[in-house]
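Computed over heavy atoms, backbone and side chain alike; hydrogens, waters and symmetry mates excluded. What you are looking at is a predicted structure, and each value in this text was computed from that prediction instead of being measured.
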Amino acid sequence: MMPPRNGRLPRRPCPAVRGDEPTTNLAPGTTASSVTTDSEQDWEHWADQIDSLVETPGQRAEMSSDLLDAVVKVYCLHSEPNFSLPWQRARQYSSFSTGFVIDSPNGASGGGERWLLTNAHSVQYHTQVKVKKRGDDRKYVAKVLCTCREGDMALLTVEDDAFWNGVVPLKFGPLPRLQDDAVVVGYPIGGDTISVTSGVVSRIEVTSYVHGSRELLGIQIDAAINSGNSGGPVFDREGRCCGIAFQSYDADAAENIGWIIPTPVVAHFLAEYARTKEFPGFPVLGVYFQRLESEALRAKHGLAKDHKGIMIRAIEPTSCSHGVLREGDVLLEFEGTEIACDGTIPFRKGERIAFGHLISQKFIGDTATATVLRGGEKLDVSLTLGGVTRVVPLGMDVDNPPYLVVGGLVFTVVTVLYLRSEFGEDFERNSPVRLLNTMYSMAETEDRQVVVLSQILASDATTGYEPDDFYNLRVHSFNGQKVENLAALADMVEECLGGLGPGEGEGEYVEFEVGEHYKELIVLEKSKVAKATKDIMQQHSIPHAMRR
């Protein structure tokens with residue numbers, strides 16, 4: 001038998017009261033009639049207090065009413081794209097979560113906008129968003145102003161002035177310390193009214209944001225964060241908002257571990273939106289590094305025992321570091337902050353944190369200085385910070401996935417969401433190895449994409465190619481020309497087929513080279529492609545032959 005986790009004994013249900021066991025024991029000398037009289041008195045005593053016990057004079061006041069009234073329940077209708085059939089959308093579904101009211105810097109009285117914050121995943125692929133205040137029976141239509149996918153935040157507003165009556169925006173507090181109080185307020189599953197749970201701050205570090213597949217500063221707390229708490233505020237002991245609840249571990253993986261978005265990350269999002277009215281993302285260096293914890297490795301590259309730094313092993317071609325940093329450089333400092341051999345930097349007293357936090361505090365377009373050791377010489381280099389193009393992006397930034405239909409051949413672009421649609425949640429185990437490997441390759445250009453033949457829809461033009469044999473195959477070339485992205489493929493197909501009748505143009509066929517382990521050819525007759533495409537569109541209710 002395995003020992004209980006965390007040293008706790010497993011809980012057991014209370015034993016049920018058997019039907020043959022007496023439920024009342026009379027004291028000696030007590031009669032049934034006296035018990036009945038006492039019971040009647042007890043009944044009258046408690047019945048009289050049913051209403052008065054709801055609120056009694058001198059009762060302890062709950063958390064400030066202004067704080068709770070600023071927390072709203074968010075209702076969202078979602079319509080997700082169907083990545084396997086990109087011209088369609090999945091069945092609409094609904095969800096509920098939490099949000100809260102904040103004020104723009106100038107405030108409503110100063111002409112500023114009135115804002116609400118929630119999680120990006122709470123309003124992802126939304127068709128309609130509504131919010132409801134505590135103690136109100138009306139839902140107000142909300143408008144999504146901007147989303148920050150990487151930081152899992154969304155900014156909303158409500159145009160109806162009646163919503164803002166009596167609402168006091170929440171104030172942000174500083175980054176908390178370990179063991180500081182954390183009070184989570186929201187509308188989790190299990191009821192309709194507002195819920196309050198409490199705990200303490202148990203860890204502060206750079207962590208993975210699941211929704212945006214990005215590592216940013218996060219706060220771990222031991223207060224319960226359940227479905228529906230997403231987007232709700234977390235208060236410190238002073239009643240200030242110190243973060244936004246956004247994710248937690250599954251109960252079978254760990255107990256009482258939830259994560260909140262700290263206020264510095266929230267401020268970064270709001271600052272960028274106030275400046276540009278959009279959020280382009282958090283900047284990255286776009287380098288892959290190796291820790292220099294080995295004394296032999298440090299000595300080989302001219303580092304003394306007391307020297308710090310990390311070694312750059314690869315650079316993304318589309319990153320700001322390309323052409324500035326070099327493979328083999330030892331990154332010693334970033335903006336004057338020394339980087340340790342394990343890739344950490346000083347954070348607060350007694351704390352260290354991953355050096356990527358320094359970069360995420362900057363904005364895209366900012367200029368930063370890095371100090372490197374190159375060939376035994378210290379150099380200061382200047383970087384204009386930006387993002388990185390992924391060969392296989394997450395895919396959430398596009399509401400309508402691109403596709404191309406050619407005579408029954410359906411082409412689309414590989415994204416993480418496409419792989420998940422085709423191969424399930426465990427797509428990293430079930431996807432074809434060569435297709436999956438592209439996730440970890442570096443894009444040489446910003447428009448680089450992995451184009452696949454998603455499926456074959458049977459038509460006169462595709463006769464002889466079994467749909468069960470040709471699906472999810474990477475497209476390498478069209479008529480001998482390399483395919484860099486879907487738009488380039490569409491242009492080549494259009495140029496080859498555009499306006500040509502049977503037998504016209506150079507050659508009578510079009511040729512696609514596809515495959516994974518080995519390359520196969522799919523050849524179609526030009527004279528049949530146009531009619532087959534039209535028939536397929538009508539048969540499968542495809543509105544357009546192409547969407548870029």
Side-chain angles (χ1 to χ4, degrees), residues 81-89 391-392 395 398-415 418 421-422 435 438 443-516 518-548:
N82 185 333
F83 289 88
S84 295
L85 301 173
W87 54 87
Q88 296 181 359
R89 301 192 79 81
V391 176
V392 178
V398 179
D399 284 336
N400 298 302
Y403 66 89
L404 172 67
V405 179
V406 181
L409 306 180
V410 179
F411 302 97
T412 189
V413 174
V414 178
T415 64
Y418 173 78
S421 175
E422 287 290 299
L435 195 61
T438 59
E444 297 178 357
T445 59
E446 292 184 357
D447 61 353
R448 185 75 174 93
Q449 294 176 327
V450 177
V451 180
V452 291
L453 172 63
S454 174
Q455 60 177 311
I456 294 181
L457 302 176
S459 69
D460 291 341
T462 60
T463 300
Y465 302 103
E466 295 297 328
D468 290 343
D469 296 332
F470 294 87
Y471 62 94
N472 288 325
L473 297 176
R474 185 171 180 177
V475 180
H476 298 280
S477 67
F478 172 76
N479 284 350
Q481 294 180 293
K482 186 177 179 180
V483 174
E484 295 289 345
N485 52 63
L486 188 63
L489 175 61
D491 290 341
M492 288 188 289
V493 171
E494 185 177 4
E495 182 180 353
C496 180
L497 299 178
L500 298 181
E504 297 180 3
E506 297 181 2
E508 300 179 6
Y509 305 99
V510 293
E511 179 184 273
F512 300 87
E513 188 179 42
V514 301
E516 296 300 335
Y518 57 91
K519 299 176 183 179
E520 297 182 271
L521 298 178
I522 296 180
V523 178
L524 305 181
E525 295 182 48
K526 283 185 179 181
S527 59
K528 295 182 178 181
V529 170
K531 183 178 184 303
T533 301
K534 184 178 180 180
D535 292 343
I536 284 292
M537 291 172 59
Q538 183 176 2
Q539 183 179 5
H540 295 271
S541 300
I542 303 175
H544 306 287
M546 177 181 61
R547 182 166 64 208
R548 295 176 184 259

Taking Ser459's backbone N and O only, do any of them form a donor-acceptor pair with Thr463's side chain (distance below 3.5 Å, no angle check)?
yes

Taken to the nearest 0.5 Å, the spacing of Thr412 OG1 from Gln455 CD works out to 10.5 Å

Show the numbers, then the answer: is there a side-chain contact (heavy atoms from CB on, under 4.5 Å) between Glu484 and Asp447?
CA-CA 8 Å; Glu484 295 289 345; Asp447 61 353; 5.6 Å; no

Shortest non-hydrogen contact from Gly407 to Ala461?
O-CB, 3.8 Å

Would you find more than 12 non-hydrogen atoms of other residues, nucleotides or ligands less than 6.0 Å from Glu444 atom CD?
no

Within the distance-only criterion (no hydrogens, no angle test), does the side chain of Gln449 pair as donor or acceptor with the backbone N or O of Leu486 below 3.5 angstrom?
yes

Tyr418 versus Ser454, side-chain donor and acceptor atoms under 3.5 Å
yes

Got a second to check how far Lys528's NZ is from Asp535's CG, nearest 0.5 Å?
12.5 Å

Separation between CD of Glu511 and CD1 of Ile522, rounded to the nearest 0.5 Å
10.5 Å

Between Val413 and Val450, is there a side-chain heavy-atom distance shorter than 4.5 Å?
no

I'd like to check Val493 versus Val510 (side-chain heavy atoms, cut-off strictly below 4.5 Å). Are they in contact?
no

Within this structure, what is the CE-CD distance for the pair Met492 and Gln481, rounded to the nearest 0.5 Å?
5.5 Å

Using modelled atom types only, decide if a donor and an acceptor are shared between the side chain of Arg448 and the backbone of Asn485 within a distance under 3.5 Å.
no

Shortest non-hydrogen separation from Pro543 to Met537 and the atoms involved:
O-CE, 3.7 Å

Applying side chain to side chain contact (heavy atoms under 4.5 Å, CB included) between Leu457 and each of Val410, Thr462, Thr533, Leu409, report the one that passes.
Val410

Taking 4.0 angstrom as the limit, do Asp399 and Arg89 come out as a salt bridge?
no

Under the side chain to side chain donor-acceptor pair (under 3.5 Å) test, which residues partner Asn479, sequence neighbours left out?
none

Give a yes or no answer on whether the side chain of Arg547 reaches the backbone of Pro401 with a donor-acceptor pair at less than 3.5 Å.
yes

Testing the basics here: between Tyr509 and Glu525, what is the closest heavy-atom pair and its distance to 0.1 Å?
CE2-CG, 3.6 Å

Output, in order, the C-alpha distance, side-chain angles, deciding distance and verdict of side-chain contact (heavy atoms from CB on, under 4.5 Å) for Leu453 and Tyr465.
CA-CA 13 Å; Leu453 172 63; Tyr465 302 103; over 6 Å; no

Report the C-alpha distance between Lys519 and Glu513 in whole Å, list the side-chain angles of each, state the deciding distance to 0.1 Å, and finish with yes or no for side-chain contact (heavy atoms from CB on, under 4.5 Å).
CA-CA 6 Å; Lys519 299 176 183 179; Glu513 188 179 42; 3.5 Å; yes

Examine distances only and state if a side-chain atom of Asn82 and a backbone atom of Gln88 form a donor-acceptor pair shorter than 3.5 Å.
no

Residue pairs passing the ring-ring contact (aromatic ring centres under 6.0 Å, His included) test where at least one lies in residues 472-494, sequence neighbours excluded
Phe478-Phe512

Shortest non-hydrogen pair, Tyr471 vs Pro467, comes out as CD2-O, 3.6 Å

Residue pair Asn472, Val414: steps toward the side-chain contact (heavy atoms from CB on, under 4.5 Å) verdict:
CA-CA 9 Å; Asn472 288 325; Val414 178; over 6 Å; no

I'd like to check Thr415 versus Phe83 (side-chain heavy atoms, cut-off strictly below 4.5 Å). Are they in contact?
yes

Under the 3.5 angstrom rule, does the side chain of Ser477 hit a backbone N or O of Val483 as a donor-acceptor pair?
no

Write down the atom of Val398, the atom of Asn400, and the distance for their closest heavy-atom approach.
CG1-O, 3.1 Å

Looking at NE2 of His544 and CG of Leu404, how far apart are the two atoms once the value is rounded to the nearest 0.5 Å?
13.5 Å

Do the side chains of Arg474 and Glu516 get close enough for a salt bridge, i.e. N-O under 4.0 angstrom?
no

Rounded to the nearest 0.5 Å, how far apart are CZ of Phe470 and CD1 of Ile456?
6.0 Å

State whether the side chain of Tyr403 and the backbone N or O of Ser84 hold a donor-acceptor pair below 3.5 Å, judged by distance alone.
no

